[in-house]
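Working notes, structure below.
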Number of protein chains: 2
Amino acid sequence: MMSNPNKRSRMPTIKDVAKKASVSVGTVSRVLADNDTVKEDLRKRVLSAMRELNYKPNLAARALRTNSIDVVGLIVPDITNPFFAQLAKNIEMEAATRGQSVMLANSHDDPDTERTQVSALHDRAVSGIFVVAATDGSRPFTADIPIVSLDRRYGSYPLVATDQRDGSRKLAAHLHDLGHRKIAYIAGPEGMGVSRERRDGFVEQIEKLTSDDDPVELAIYHGDFSYDAGEAIGRLILESSPSERPTAIAAASDQQAIGVMRSARDLRINVPQDLSVTGFDDIALASLVVPRLTTLRQPIEDMASGAVERIFLPTEEQTDFAIRGSLVVRQSTAPPPSRD
Amino acid sequence: MMSNPNKRSRMPTIKDVAKKASVSVGTVSRVLADNDTVKEDLRKRVLSAMRELNYKPNLAARALRTNSIDVVGLIVPDITNPFFAQLAKNIEMEAATRGQSVMLANSHDDPDTERTQVSALHDRAVSGIFVVAATDGSRPFTADIPIVSLDRRYGSYPLVATDQRDGSRKLAAHLHDLGHRKIAYIAGPEGMGVSRERRDGFVEQIEKLTSDDDPVELAIYHGDFSYDAGEAIGRLILESSPSERPTAIAAASDQQAIGVMRSARDLRINVPQDLSVTGFDDIALASLVVPRLTTLRQPIEDMASGAVERIFLPTEEQTDFAIRGSLVVRQSTAPPPSRD
DNA sequence: CTGAAAGCGCTTACAG
DNA sequence: CTGAAAGCGCTTACAG
């Protein structure tokens with residue numbers, strides 16, 4: 001009879017180690033826990049027994065006893081979104097430094113799926129869950145484990161995100177500095193917190209820089225964060241006559257901005273000579289398009305470390321954490337064309 | 001005294017359910033397992049007790065008993081690579097249909113990290129591990145749990161991947177059909193299985209279509225799969241005089257192909273009028289660049305389902321699975337310019 | 001400082 | 001068909 005080849009062969013247990021080292025299992029467990037007070041020679045015996053047997057603690061047993069496993073959950077709307085992929089990578093790296101693995105799930109931007117995912121992770125007794133809330137309004141799950149919102153607020157859980165207003169202000173100031181006085185702003189989906197923040201920051205800064213003898217014209221559009229929305233709105237904006245149309249378009253995401261650049265190319269409008277374009281995020285593609293995109297770099301590493309740090313803090317110390325991004329000036333922005 | 005707010009409140013156990021339903025824990029466990037033979041009225045009592053208590057089985061305890069958890073591991077070189085992100089998403093979806101969660105790790109293309117990750121997942125007693133092997137030569141881990149190679153062979157574990165040769169043949173035939181007789185092929189890194197397969201398939205097909213009175217000139221280049229490599233090699237190829245240079249460039253990845261298109265734009269060579277370009281993979285970006293890229297679509301959904309299916313098969317049935325991709329003709333290819 | 005023992009919450013032979 | 005009981009591999013008071 002063949003044994004099932006998929007069956008894990010019997011692994012050495014703490015008991016085997018104890019026997020080989022002639023100590024009790026308690027002692028083995030203590031050296032495992034790096035416990036203060038195990039006499040050096042016992043400790044050595046145990047360690048070498050572990051090595052000889054190639055002992056690895058059974059994580060499920062430990063989890064059962066301590067009711068916690070070294071796993072954190074991460075839920076994103078869609079891992080194929082380059083920004084979330086970048087975030088996931090950094091969360092994974094940051095978690096790894098703390099000996100935590102990460103369980104990944106996609107909510108597909110669907111609130112019900114999201115809820116199911118959170119609940120499933122909760123059932124698995126993960127140490128904490130990071131969630132990038134779905135665009136379309138979450139139905140947050142009330143869990144008795146730490147949850148941290150990433151990028152977008154999930155329920156009323158603490159939020160780690162870029163300071164959206166500050167970022168938009170920097171972009172607005174950059175365009176104004178270059179001399180643009182007729183600007184279009186493409187915002188994200190209406191009603192989404194992130195969209196609102198970015199838009200308000202931009203408007204705020206423009207208003208601040210506007211005076212009676214140096215007026216700025218600012219038009220606002222809305223669309224989702226995608227390439228396609230950017231392209232459609234870009235076309236809409238740019239189809240007006242050269243004297244009518246803005247000299248700069250600021251988009252609420254890099255993807256939108258790249259869409260805008262495509263529409264400009266279709267209409268034979270040169271970026272940046274005839275039109276400046278800015279994005280937001282600094283996804284990898286931003287520096288790969290031609291011309292390379294001026295944008296606001298989200299401090300993803302800091303977001304990841306801030307989020308991971310918070311998830312292990314006592315709940316009452318889990319405050320919001322807004323991190324300032326940095327302006328990255330590339331080739332998609334320039335002074336406006338001179339007009340006579 | 002405040003209790004720690006992070007402590008999970010005591011969850012109802014199988015014992016609580018048993019008591020409430022006035023049955024033994026064994027019986028509860030049996031209804032949990034959807035076990036054949038629990039008399040209907042007991043079954044009902046148990047079910048309603050579970051509902052009332054909002055009982056959720058403790059997965060760690062179950063894992064300890066059965067020595068397996070409903071989790072699979074996935075290791076990719078880099079989740080920010082759009083192809084791997086797409087793959088991860090599909091694996092996650094496919095695993096979800098089987099009630100499995102997925103644990104994600106990045107190897108950063110580093111064989112040692114990869115090994116550590118596989119080992120860590122193994123320690124967690126996952127049901128199986130998918131690995132997209134690191135580019136730079138893995139040092140495979142011998143595990144007593146199922147492992148399936150995805151896209152690139154890991155050790156000697158069964159491989160689920162696109163039929164690379166077939167895909168390249170299709171691209172070669174497409175270019176030849178259009179009339180191209182002077183073609184450059186940019187292969188992936190030398191020594192990598194995938195690179196070799198794609199290249200050989202291409203060469204094979206071209207040779208097959210070549211005859212004495214209809215010769216084809218084919219030049220081969222090598223570089224990694226990145227945008228930058230594509231751009232650099234593209235420039236190298238295209239800097240020769242118009243009569244010297246190829247009328248088509250086939251790249252071993254979409255990223256390379258997009259790089260090639262950038263170099264063409266810099267050199268004011270029009271795609272596809274003066275130069276046809278093809279990629280491989282069909283990443284999302286392929287249909288977003290201008291002109292949209294003709295490429296070979298990897299059947300990612302099929303790869304995901306094939307891989308997940310295999311991981312739950314007995315080892316001896318875990319055969320390789322090569323899936324044919326499909327040619328996606330877009331605007332980056334056209335007949336060669338007519339020359340006098 | 002160390003050992004013996006209880007117990008985490010399940011599943012599964014074993015009886016009946 | 002169901003219950004009583006053993007046991008998965010750990011950790012952690014409790015003694016000494």
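Keep in mind that the numbers below use all heavy atoms, side chains included, and drop hydrogens, waters and symmetry copies. Per chain, numbering begins at 1; letters A, B, ... match sequence-line order. Source: prediction; values computed, not measured.
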Using the side chain to side chain contact (heavy atoms under 4.5 Å, CB included) definition, which of the options Asn106(B), Val132(B), Leu121(B) pairs with Ile75(B)? Leu121(B)
Listed nucleotide nearest any side-chain atom of Asn58(A), set dT11(C), dC10(D), dG3(C): dC10(D)
Report yes or no: is there a donor-acceptor pair, N or O only, under 3.5 Å between the side chain of Arg30(B) and the base of dG3(D)? yes
Is the phosphate of dG3(D), meaning OP1 or OP2, less than 4.0 Å from a side-chain N or O of Ser24(B)? yes
Of the options dT12(D), dT11(C), dG3(D), whose atoms approach the side-chain atoms of Thr66(B) most closely? dT11(C)
Take the protein atom CD1 of Ile14(B) and the nucleotide atom C1' of dC8(C), then report the distance between them rounded to whole Å. 13 Å
Take the protein atom CD1 of Ile69(B) and the nucleotide atom C1' of dC10(C), then report the distance between them rounded to whole Å. 15 Å
Residue-phosphate contact under 4.0 Å: Thr27(B) side-chain N/O, dG3(D) OP1/OP2: yes
Could you identify the nucleotide paired to dA4(D), looking across every strand shown and requiring Watson-Crick or G-U wobble geometry with both distances under 3.5 Å? none
Partner of Val23(B) under side chain to side chain contact (heavy atoms under 4.5 Å, CB included), chosen from Leu42(B), Val38(B), Val17(B): Leu42(B)
To the nearest Å, give me how far apart CG (Asn67(B)) and P (dC10(C)) are. 17 Å
With no hydrogens and no angle check, do the side chains of Glu301(A) and Asn90(A) hold a donor and an acceptor under 3.5 Å apart? no
Rounded distance in Å - CZ (Arg65(B)) to P (dC10(C)): 13 Å
Any side-chain donor near an acceptor of the partner, Thr162(B) and Gln298(B), under 3.5 Å: yes
With a 4.0 Å cut-off on heavy atoms, is Ser29(B) in touch with a base, just the backbone sugar-phosphate, or nothing at all? base
Between dC10(D), dA5(D), dC8(C), spot the one nearest the side chain of Pro57(A), thanks. dC10(D)
Derivation of the side chain to side chain contact (heavy atoms under 4.5 Å, CB included) call for Leu150(A) and Val131(A): CA-CA 6 Å; Leu150(A) 253 181; Val131(A) 9; over 6 Å; no
Heavy-atom nearest nucleotide on DNA chain D taken for Val23(B) and for Thr13(A); more 5' hit belongs to Val23(B)
Starting from P on dT11(C), measure out to CG on Asp70(B) and report it in whole angstrom. 11 Å
Rounded off to whole Å, could you give me the CG-to-P distance for the Asp34(A) and dT11(D) pair? 12 Å
The answer to which of Ala61(B) and Gly26(B) contacts DNA chain C further toward the 5' end, by nearest nucleotide, is Ala61(B)
Judged by nearest nucleotide, the residue sitting upstream toward the 5' end of DNA chain D, Lys39(B) or Leu64(A), is Lys39(B)
Applying a 4.0 Å non-hydrogen cut-off, can you work out what Leu42(A) is touching in the nucleic acid: base, sugar-phosphate, or nothing? sugar-phosphate
Electrostatic pair Asp320(A)-Arg153(A), nearest N-O below 4.0 angstrom: yes
Checking base pairs now: Watson-Crick or wobble, both atom distances under 3.5 Å. What partners dA13(D)? none
Rounded interatomic separation in angstrom, taking CG from Leu32(B) and C1' from dC10(C): 9 Å
When the distance from CZ of Arg124(A) to P of dG9(C) is rounded to whole Å, what number comes out? 18 Å
